[in-house]
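These numbers come from the heavy atoms of this one structure, side chains and all, not from hydrogens, waters or symmetry mates. First listed ligand is number 1; within each ligand, the first listed atom is number 1.
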Amino acid sequence: MDSTFPAVVETLPLGLVVVDELGAIHYVNGYLRERLGLAEEGPIGKKLVGFFPGADSCALTEFLERCRDECTPDRVINDDLCSVDIRIMGRSGSSTSLRSAMCFTFDGPNGENFRALVFYESISMEAGNEFQASFSRAIEAVQKARVEQRRLLEKVQQAQRHLVQSEKLAGIGQLAAGVAHEINNPMGYVSSNLRTLAGYVQDLLRIVDAVDAAKDLDEIRNLKRILDYGFIRGDLEDLIAESEEGVERVKSIITALQDFSRTDTGKFSLADLHRGIDTTVNVAANELKYKAEVVKEYGEIPEVECNISRINQVVLNLLMNAAQAMPEWGMITIRTGQAQSEVWFEVEDTGCGMRSDELDKIFEPFFTTKPVGDGTGLGLALSYSIVRQHHGRIEVKSEVGKGTCFRVSLPIIHPMDSDTEEVQF
Ligand SMILES: Nc1ncnc2c1ncn2[C@@H]1O[C@H](COP(=O)(O)OP(=O)(O)OP(=O)(O)O)[C@@H](O)[C@H]1O
Ligand SMILES: [Mg+2]
């Protein structure tokens, strides 16, 4: 709260109380604290209604409701239609009262909807002008602070966009070697099969050509025996089937890569999460296959309104972490399911697990336990912000020596709000 409120608000010669949507106090300025004899943190978190001495609870509730219903970021309520008085200590030590008939709303740094109530003494004309002037100064200062906050937010978002880009590039570099290997392997046996097939075709052509020149069928039968026709026939089918499978494998790797690197428009649309996960597992196949067996336990889930290429990025980060957590060979289980209006997916591994002090830090940017050059410590920080952007949650359970399970929950329908649309990577 102190970063939202500049020093001028703290030292204003009038009282200011900030509450959240539920009426819990988030801030009471210095003037009011001093007059009420409160410690700085004393009122924080308490309900406003019932907190101040001598305040009429009904009037206060009505006042807060009016503030909720009528105030907009540009509209301050300042009339006597509805007001509330509280008892304070006067300068002379006697008890006196402060009145509030003024309130306004504003957004907190994390999108909270705050209400501010301004308390002032019954004032003479002259004091009134002074009051108006200080209030205008305070509003101006708050507005300046908000502009500065927006500027900083824009800078952070820009930095984040760059980070995502460089993380993506690093990820692609890491995967490229694996993908090349994945393609090389089927290409290797397809081309060896083609060579064998070319030899078989030569032999078969010799048999066919012999038909014209042969004096009798025995001569052809003899040639077939010499060339081992029976074996060629059986092997032909196997070689063709194996080659077809190899070509299919290369095709699926290429489709996966295309899916994965599809231009990220930043738009949300209905997507098949299972296809996204399959694609990502395919892309990461080479990183995974020497580390773990991948088991899929897919549930029944509907299409999800999401940015699938970013969700693929999250899945990839979780899979890579799981593979990298395996001391030797292990198992990675990917589960999916639906719970009310959300779908979830889990990536569970039988890897090294994490201590609770590590768990506290894993979503912090640049936190890594991997050797320099192996990990940037950005994978989970970025995954966290992608999931948040989807209004989802990312939860983790881990036990040292046993393994780790990350669960990502996403709303099936993406709630549209200005906040989300602003955050872009
Ligand atoms: N499945 C897991 N099992 C054990 N530790 C994990 C697991 N996932 C993450 N961690 C821990 O969290 C740290 C942060 O993970 P994060 O993905 O953010 O970064 P990184 O993997 O170290 O580097 P990068 O992903 O940028 O290459 C890891 O260094 C590791 O210590
Ligand atoms: Mg990682």
Side-chain angles (χ1 to χ4, degrees), residues 156 159-179 260-261 264 276-277 279-297 309-336 344-390 392-409 425:
V156 170
Q160 206 172 21
R161 279 195 287 270
H162 286 148
L163 276 182
V164 174
Q165 208 51 39
S166 46
E167 166 81 348
K168 258 191 177 167
L169 289 178
I172 288 168
Q174 197 176 9
L175 287 171
V179 168
F260 197 80
S261 59
D264 187 353
I277 297 173
T279 293
T280 312
V281 170
N282 246 340
V283 166
N286 197 54
E287 309 293 322
L288 303 175
K289 72 176 174 208
Y290 302 111
K291 292 297 212 148
E293 179 191 352
V294 177
V295 177
K296 293 177 189 167
E297 292 177 5
S309 81
R310 284 179 198 162
I311 296 299
N312 286 348
Q313 188 81 32
V314 174
V315 175
L316 181 68
N317 287 335
L318 297 181
L319 285 175
M320 298 295 250
N321 282 348
Q324 288 160 356
M326 300 296 179
E328 284 171 12
W329 179 255
M331 184 141 107
I332 298 176
T333 312
I334 308 172
R335 296 188 195 90
T336 60
W344 53 263
F345 63 90
E346 274 180 3
V347 176
E348 184 169 24
D349 64 63
T350 54
C352 59
M354 284 173 274
R355 295 190 312 268
S356 68
D357 61 310
E358 288 174 327
L359 271 175
D360 289 343
K361 301 204 198 91
I362 53 172
F363 294 110
E364 287 174 16
F366 305 112
F367 172 76
T368 180
T369 54
K370 293 167 192 168
V372 182
D374 276 12
T376 58
L378 284 175
L380 285 178
L382 288 168
S383 303
Y384 181 83
S385 67
I386 291 171
V387 172
R388 255 192 74 126
Q389 192 205 10
H390 281 74
R393 293 186 313 284
I394 178 161
E395 290 149 314
V396 51
K397 280 190 215 139
S398 189
E399 208 176 318
V400 175
K402 286 221 161 136
T404 303
C405 180
F406 280 91
R407 178 186 273 226
V408 175
S409 308
F425 299 104

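- Taking distance alone, with nitrogen or oxygen atoms compared against 3.5 Å, Ala381 stays at or beyond that limit from ligand 1.
- For ligand 1, the atoms sitting less than 4.0 Å from at least one non-hydrogen atom of Ala325 are 2 (C), 3 (N), 4 (C), numbered in the order shown with element in parentheses.
- Under the 4.0 Å criterion applied to side-chain N and carboxylate O atoms, Glu364 and Lys361 are not assigned as salt-bridge partners.
- Look at Phe406 and you'll find a heavy atom under 4.0 Å from some atom of ligand 1.
- Proximity of Leu318 to ligand 1, defined as any heavy-atom pair under 4.0 Å, is not found for any part of the residue.
- The shortest distance between side-chain heavy atoms of Val281 and Lys296 falls below 4.5 Å.
- The shortest side-chain heavy-atom distance between Phe406 and Asn317 does not fall under the 4.5 Å cut-off.
- Heavy atoms of Asn317 come nearer than 4.0 angstrom to ligand 1 in no pair at all.
- Proximity of a side-chain donor or acceptor of Asp349 to a complementary backbone N or O of Thr404 within less than 3.5 Å is detected.
- Interface of Thr368 with ligand 1, defined as ligand atoms under 4.0 Å from a residue heavy atom, comprises 20 (P), 22 (O), 29 (O).
- Using a 4.0 Å cut-off between heavy atoms, Thr404 contacts ligand 1 through its side chain alone, with no backbone atom that close.
- Taken from CD1 in Ile311 to CD in Gln389, the straight-line distance is 8.5 Å, to the nearest 0.5 Å.
- Looking at Lys370, Lys361, Gln324 and measuring to atom 20 (P) of ligand 1, the nearest heavy atom belongs to Lys370.
- Around atom 10 (N) of ligand 1, the closest heavy atom drawn from Glu358, Met320, Met354 belongs to Met354.
- A salt bridge does not link Glu395 to Arg407: none of the charged nitrogens lies less than 4.0 Å from a carboxylate oxygen.
- The Mg ion (ligand 2) does not have Gln324 among its coordinating residues (no N/O/S atom, backbone or side chain, under 2.8 Å).
- Here the side chain of Thr350 pairs no donor or acceptor atom with the backbone of Gly330 at under 3.5 angstrom.
- Every atom of ligand 1 is numbered from 1 in the order shown, and the set under 4.0 Å from a heavy atom of Leu380 is 9 (C), 15 (O), 16 (P), 17 (O), 18 (O).
- Listed for the Glu287 side chain is no donor-acceptor partner under 3.5 Å among the backbone atoms of Ala284.
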